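Since we're looking at a predicted model, the values are computed, not measured.
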Amino acid sequence: MQFMLLFSRQGKLRLQKWYVPLSDKEKKKITRELVQTVLARKPKMCSFLEWRDLKVVYKRYASLYFCCAIEHQDNELITLEIIHRYVELLDKYFGSVCELDIIFNFEKAYFILDEFLLGGEPQETSKKTVLKAIEQADLLQEPRHEYFNVPVY
Amino acid sequence: MPAVSKGDGMRGLAVFISDIRNCKSKEAEIKRINKELANIRSKFKGDKALDGYSKKKYVCKLLFIFLLGHDIDFGHMEAVNLLSSNKYTEKQIGYLFISVLVNSNSELIRLINNAIKNDLSSRNPTFMCLALHCIANVGSREMAEAFASEIPRILVAGDTMDSVKQSAALCLLRLYKTSPDLVLMGEWTSRVVHLLNDQHMGVVTAAISLITCLSQKNPDEFKTCVSLAVSRLSRIVSSASTDLQDYTYYFVPAPWLSCKLLRLLQCYPPPEDGAVKGRLVECLETILNKAQEPPKSKKVQHSNAKNAILFEAISLIIHYDSEPNLLVRACNQLGQFLQHRETNLRYLALESMCTLASSEFSHEAVKTHIETVINALKTERDVSVRQRAADLLYAMCDRSNAKQIVAEMLSYLETADYSIREEMVLKVAILAEKYAVDYSWYVDTILNLIRIAGDYVSEEVWYRVIQIVINRDDVQGYAAKTVFEALQAPACHENMVKVGGYILGEFGNLIAGDPRSSPLVQFNLLHSKFHLCSVPTRALLLSAYIKFINLFPETKATIQEVLRCDSQIRNSDVELQQRAVEYLKLSSIASTDVLATVLEEMPPFPERESSILAKLKKKKGPGAVSVPDLEDGKREGGELNGGGERGPDSAAMSASNASTPSPSADLLGMRSAAPMSAAPTSAGSLLVDVFSEAGPAAPSAAVNDDGFLRDLEPPTETSGLSSELQTPVDSPFNASSRRFVCKNNGVLFENQLLQIGIKSEYRQNLGRMYLFYGNKTSVQFASFTTTVSCPGELQSHILSILRATKPVEPVVEGGAQIQQVLNIECLTDFSEAPLLNIKFRYGGALQNLSLKLPVTINKFFQPTEMTSHDFFQRWKQLSQPQQEAQKIFKANHSMDTEVLKAKLLGLGTALLDDVDPNPENYVCAGVIQTKGQQVGCLLRLEPNGQAQMYRLTLRCSKDSVSLRLCELLAQQF
């Protein structure tokens, strides 16, 4: 997989993960182009499209589009299920996930993704194992009360 | 503010995000962000040391701002500080910031690498994983340099935790992709391959991506993975849906791993070991069987996961292309999907069938679905699916269904989406040409194309129809009649005018007998379109008019009238003006004979590969056209017909020869570069110089003429030579390069995969060699590299062979050809040949090939014409024993005079007539140009037809050259 993008129906980018080295300029260009292309497609259309020399696999969950760019020899259907498994992971972790969870806890969304996919390939496909790793990390956190008196800004 | 924070909430961050979301305008958002940036900057700069939590919070805010699309130019140092925190969440945020924001050239990379190093050696698995994730996310060369040797150790160490192993495997994969030269598996190879046997499914899943990538690059070293992969796959495929616990996904056991295993096997040919192969075939059959079973769940995830494995299995079956039974089953399965209610499956089935169509075992099975596919082209609502259907129709086309498919594609073109029209046009044009049984059908098809989608008909397409009409006289009359009719339409496409103008200009006479298409009617019809056309088309029409004057003298007055009008003869476009002026002049002063010669019908175009096919390849990449390519070799054989790569305009109507080239018009054949022909030198003076170099030899030369004029002794008398005849002098040339001594162009090498063509030109001591590497397969060659080396002393003789030589593209697509240019400079005479080494990967296998390049000393010859008298004088001057080399040898080839002459001319020398008193003998003279000196050479070849022998004598001003030329030439006759 070359990259994964999450964006809203309004075209707002919510998460971006790049597995190939690209300049910030290129990333912005690709994002703009792809968000436009995907948003222009009708609901019943197929989830795959050829885009530049890559294949794009996307799926919409509620207000969010999940969109992956894969290489030519990669498998479209299994990529669709990679997206689904990631959604399941987010859902389980946040408890019925919605777009706001990803906005306010974007760092968590990245951490979960890193446990699931690394370098663009599946690292751990078991839902339990991934969530266990994330929850363990949460346990390592410092108790919140330590910071109650710290000024906000 | 929604209270959705989970884990360690950072209240300040949540407030900030909430503020941003509440901004009513972009300006307000920017204002809020700038305020926050100023605040964070002051905190970071402030005297008071920030505690870890604050640092984490501010770094996280910066990250958020960056992800919103704003630039961040500070905070990196604080993020790096977080890395050395021993609080997990602080470290985690630090790593996240660095993964997202740090690029490889950062000065901080050393500090980051230090922190990573500490975490890797911490023995704390969560810290180790964080560090590995960071390396995998950044993947820079600096990181590869620092950690590429450490990570394999972590990966295979017995005491590494599973989760760390998983991260290490994929981290290594990322580094290998960025810096393959730094990741040396060597000693680890076998232990990495054995990760396929690991008990932990997660470890296997992570490791297989790494192993697949490494196998693609080093198939031999990793080939033991095949049997391990087969047994792993077999265990998964035969397991019950509950066996693998959490690795079962919607009742499908380990779908990700299964797909990856099937993908890995596609890096290799079918297993040789019968048992392994049997087991694998069993797996593939099981997968095909399971596709027929009723679904265990109605959820789309279940069917997607199951079908993902099925498609991957079908890819493997197609890759092997050796199991007819499986291929046909795969095809039937895909046939079911063609009518599935899921658009995704229809799309994938069409795509996958395209590759099946290219296998001889399943081509027929694919063809049975033609009606469904045509229906898809007509009714699918999604353009990407229609595109796949068009691709499949193209792939399944052969002689039996070409008419139907072309007709369907043409009718689809009328309503096709703009985005795919050009490609459709190319495909129709190719199919029409390839499978035409009668040419009138072909001409009709192309004219229909222009009518329906004229804007999308590229030059290549209309050039091609003209090439074909010119090359086939049985279709010319029909073509003239058809274009004439097509031009009757009130609004016809400019491309139609081009084709019409060209064809009527050549073959209008074939329909002139009919009063409805008399010469004047034809002319008036063409000219009625003239004013609506662009400059290049008008230029073409002017050429058609002058051809009319030749074809139909009765139109002369009318056409001259047209040419004479101000809008032509004073046209502001220089090309049009020039044509008008010159054609007018030509028509008024040239006699009928001259006109007839100048304006003669175009000669046939040389038969070559269709330029349209080349264009489609360029447009679509190799996959799209590989199918008809394969058919060329496998099934169809006889292609409809040839036709040159040049367009008719670059060949130019002969009339254009009269015109001066103008940069604006391609129509004058300027595209073909002028060949570097060796200019004949004024012989006399040059030779004097050359031979004066021989200096001291000259005075003694006149002493005795040792037998230039004596008759050829019967070679039978020199019995001692026979052994030499059988074993030619140990030559540095292999057979293929020997063929190039007397010629400069041709095929240097060819096997089933690769063809190497060569074209070279030499001038004085310089040469340029074009190498054409053609991929004959439909699969790309990866890591394609070529190196040219000069063995031994050669380097100092032909220098700069490597200079200005660009490396070739690393990938040669299937069916494609790439070019490489070598520049050669001859410093001094030489006898070795430079070596060309070619390496590439085909499928998984490394191909390595070494060839001698046909660069020989005679390439630097300049021919020297001289009189008989001069010749003998020089011959006598070169009489020192070392200056002469002689060889008597048996004829290996035809002794035909013309053949011999052609070879001697190909050698580069001048072939001198009337020099040798014996007219049977051949005498040549030339000068070899090296950087330092010129070497004069005289040659005499005496054939003895009766004995089928030759005597070859060379005299050169340099001894080594005589010897070398004698060796080279003795193998040529």
Exercise. Would Y110(A) and H133(B) count as having a side-chain donor-acceptor pair, cut-off 3.5 Å?
Worked result: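 Checked: Y110(A)/H133(B) side chains show no N/O donor-acceptor pair below 3.5 Å.
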
For this session: Answer yes if the side chains of Q136(A) and Y88(B) hold a donor-acceptor pair under 3.5 Å, and no otherwise.
Result: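 Short answer, no.
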
Side chain, backbone, both or neither: which part of [X] has a non-hydrogen atom closer than 4.5 Å to chain B?
| X | value |
| --- | --- |
| L80(A) | side chain |
| I82(A) | both |
| E76(A) | side chain |
| K59(A) | side chain |
| K128(A) | both |
| I103(A) | both |

How close do [X] and [Y] get, heavy atom to heavy atom, and via which atoms?
| X | Y | result |
| --- | --- | --- |
| W18(A) | R174(B) | O-NH1, 4.4 Å |
| W256(B) | P122(A) | CD1-CG, 4.4 Å |
| E121(A) | S209(B) | OE1-OG, 3.2 Å |
| T343(B) | K44(A) | OG1-O, 3.4 Å |
| K127(A) | D246(B) | N-OD2, 3.1 Å |
| I78(A) | C259(B) | CD1-SG, 3.9 Å |

Could you tell me the separation between the [atom1] atom of [X] and the [atom2] atom of [Y], rounded to the nearest 0.5 Å?
| X | Y | atom1 | atom2 | value |
| --- | --- | --- | --- | --- |
| C46(A) | E380(B) | SG | CD | 8.5 Å |
| N137(B) | L118(A) | CG | CG | 6.0 Å |
| L77(A) | N304(B) | CG | CG | 5.0 Å |

Exercise. For F64(B), which residues count as a ring pair (Phe, Tyr, Trp, His ring centres under 6.0 Å) partner, sequence neighbours excluded?
Worked result: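 F106(A).
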
Against chain A, work out which of [options] has the most heavy-atom pairs shorter than 4.5 Å and name it.
| options | value |
| --- | --- |
| V385(B), L348(B), L132(B) | L348(B) |
| H200(B), R21(B), Q266(B), E351(B) | R21(B) |
| A207(B), A169(B), S167(B), A206(B) | S167(B) |
| A254(B), S384(B), A305(B) | S384(B) |
| L173(B), T205(B), L67(B) | L67(B) |
| E312(B), M201(B), Q92(B) | Q92(B) |

What part of [X] is in contact with chain A, defined as an atom under 4.5 angstrom from a non-hydrogen atom: side chain, backbone, both or neither?
| X | value |
| --- | --- |
| F66(B) | side chain |
| S163(B) | backbone |
| L345(B) | side chain |

Determine the option with the most heavy-atom pairs under 4.5 angstrom with chain B, choosing from [options].
| options | answer |
| --- | --- |
| R41(A), E124(A), R85(A) | E124(A) |
| L13(A), D53(A), L117(A), D114(A) | D114(A) |
| G120(A), G119(A), S47(A), A133(A) | S47(A) |

For this session: Please state whether the rings of Y347(B) and F48(A) are parallel, tilted or perpendicular, taking 30° and 60° as the class boundaries.
Result: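 Because their plane-to-plane angle lies in the 30° to 60° range, the rings of Y347(B) and F48(A) count as tilted.
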
Problem set entry | Per-residue contacts, residues 63-75 of chain A versus chain B, heavy atoms under 4.5 Å |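 At a heavy-atom separation under 4.5 Å, chain B is reached by Q73(A), N75(A).
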
Problem set entry | Validation row: I93(B), F111(A) side chains within 4.5 angstrom (heavy atoms) |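 They are in contact (side-chain heavy atoms under 4.5 Å apart), so the answer is yes.
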
Exercise. Under a 4.5 Å cut-off applied to non-hydrogen side-chain atoms, are K177(B) and V20(A) in contact?
Worked result: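 A side-chain contact is absent here, since even the closest heavy-atom pair is not under 4.5 Å.
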
Exercise. Between K42(A) and D382(B), is the closest basic N to carboxylate O distance under 4.0 Å?
Worked result: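 Looking at K42(A) together with D382(B), the answer is no, because their closest N to O distance does not fall below 4.0 Å.
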
Problem set entry | Salt-bridge contact R388(B)-E50(A) (side-chain N to carboxylate O under 4.0 Å) |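 Yes.
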
For this session: Give a yes or no answer on whether the side chain of Q166(B) reaches the backbone of Q123(A) with a donor-acceptor pair at less than 3.5 Å.
Result: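 Here the side-chain-to-backbone pair exists.
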
